[in-house]
Amino acid sequence: MTEIEQLLREELDQAYPAPVGEPDWDEVLRRLAPARGTQPQRKR
Amino acid sequence: MVDSKLHIEELEALYRRRYVAFVRVASAIAGEPARGADAVHDAFANAIAALDSYRGEAPLEAWVWRIVVRAAASTRLHKERTADALVPEANGDAPIRDESVRKLVAALPERQRLAIFLRYFADLDYRGIALVLGIEVGTVLATLNAAHAALRRMLEEVRP
């Protein structure tokens with residue numbers, strides 16, 4: 001990694017912190033359901 | 001013929017494995033941290049709905065990144081039209097310096113900005129970025145070099 005890449009990574013890490021929150025696949029399925037006119041289904 | 005069930009399971013695995021990167025890139029593109037997860041959820045719902053159009057010519061992850069970038073950019077466009085906001089919102093009590101960096105990045109041409117986000121937040125290699133942005137690998141290199149040069153100049157100006 002070059003010096004500018006290292007510097008940029010540090011600056012960007014501070015300016016754009018990693019998001020908080022957990023993945024929520026059910027939320028994806030909920031958004032899909034209205035478009036398809038179906039109920040979301042979880043696999044078992 | 002594409003096996004949709006298999007791809008949906010692959011999409012879920014990709015979503016879980018790369019969630020933080022997807023949300024981080026989407027938030028940066030949207031210019032609003034709170035909209036990042038929203039854009040990612042919309043994008044994955046769109047990806048499932050559009051699975052029939054996936055031909056396997058590019059890796060599934062690159063195909064999904066395209067959809068995420070489009071969803072996040074759409075959020076940004078909507079925001080610009082409704083609020084004339086070009087600079088990302090601050091994270092509450094974020095230091096002024098961090099706001100300056102966000103403004104510098106926001107001032108870059110769109111392709112440079114996207115390449116920077118995909119390189120640094122998603123850790124995509126040049127080929128991966130090329131697939132997502134639909135450009136040649138050489139163009140990715142030139143784009144990142146131009147972004148680096150511009151940001152280095154601008155950072156030197158805001159450095160204490």
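Below, each value reflects all heavy atoms present in this structure, side chains not excepted, and no hydrogens, waters or symmetry copies. Numbered from 1 within each chain, the chains take letters A, B, ... in sequence-line order.
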[atom1]/[X] to [atom2]/[Y] distance, rounded to the nearest 0.5 angstrom?
X	Y	atom1	atom2	answer
B/Phe121	A/Asp13	CZ	CG	6.5 Å
B/Asp42	A/Leu32	CG	CG	11.0 Å
B/Arg24	A/Leu12	CZ	CG	8.0 Å
B/Arg102	A/Glu11	CZ	CD	12.0 Å

Of all the heavy-atom pairs spanning B/Ile8 and A/Trp25, show the shortest one and how long it is. O-CZ2, 4.2 Å
Minimum-distance pair of heavy atoms, taken over all atoms of B/His41 and A/Asp24: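 So the minimum-distance heavy-atom pair works out to NE2-O, 3.7 Å.
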So does B/Arg17 have more than 12 non-hydrogen atoms from other groups sitting under 6.0 Å from CZ? yes
Any chance CD of A/Glu10 has more than 12 other-residue heavy atoms, nucleotides or ligands included, within less than 6.0 Å?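 More than 12 within 6.0 Å, yes.
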Chain A shares the most heavy-atom pairs under 4.5 Å, among B/Val40, B/Val20, B/Ile116, with B/Val20
Please confirm whether the ring centroid of B/Phe117 lies under 6.0 Å from the ring centroid of A/Tyr16.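 Close enough - the centres of the two rings lie under 6.0 Å apart.
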Does B/Leu131 share a hydrophobic cluster with B/Val64, counting links as ILVMFWY side-chain heavy atoms below 4.5 Å and allowing steps through other members?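 Cluster IDs for B/Leu131 and B/Val64 differ.
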Select one option (side chain, backbone, both, neither) describing which atoms of B/Asp123 are under 4.5 Å from chain A's heavy atoms.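 For B/Asp123, the side chain is the part near chain A, not the backbone.
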Which atoms of B/Leu144 come close to chain A, meaning under 4.5 Å heavy atom to heavy atom: side chain ones, backbone ones, both, or neither?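 For B/Leu144, there is no contact with chain A at all, as no heavy atom is under 4.5 Å.
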Check the pair A/Glu5, B/Tyr120 against side chain to side chain contact (heavy atoms under 4.5 Å, CB included), reporting the backbone distance first and the verdict last. CA-CA 9 Å; A/Glu5 286 176 323; B/Tyr120 290 95; 3.2 Å; yes
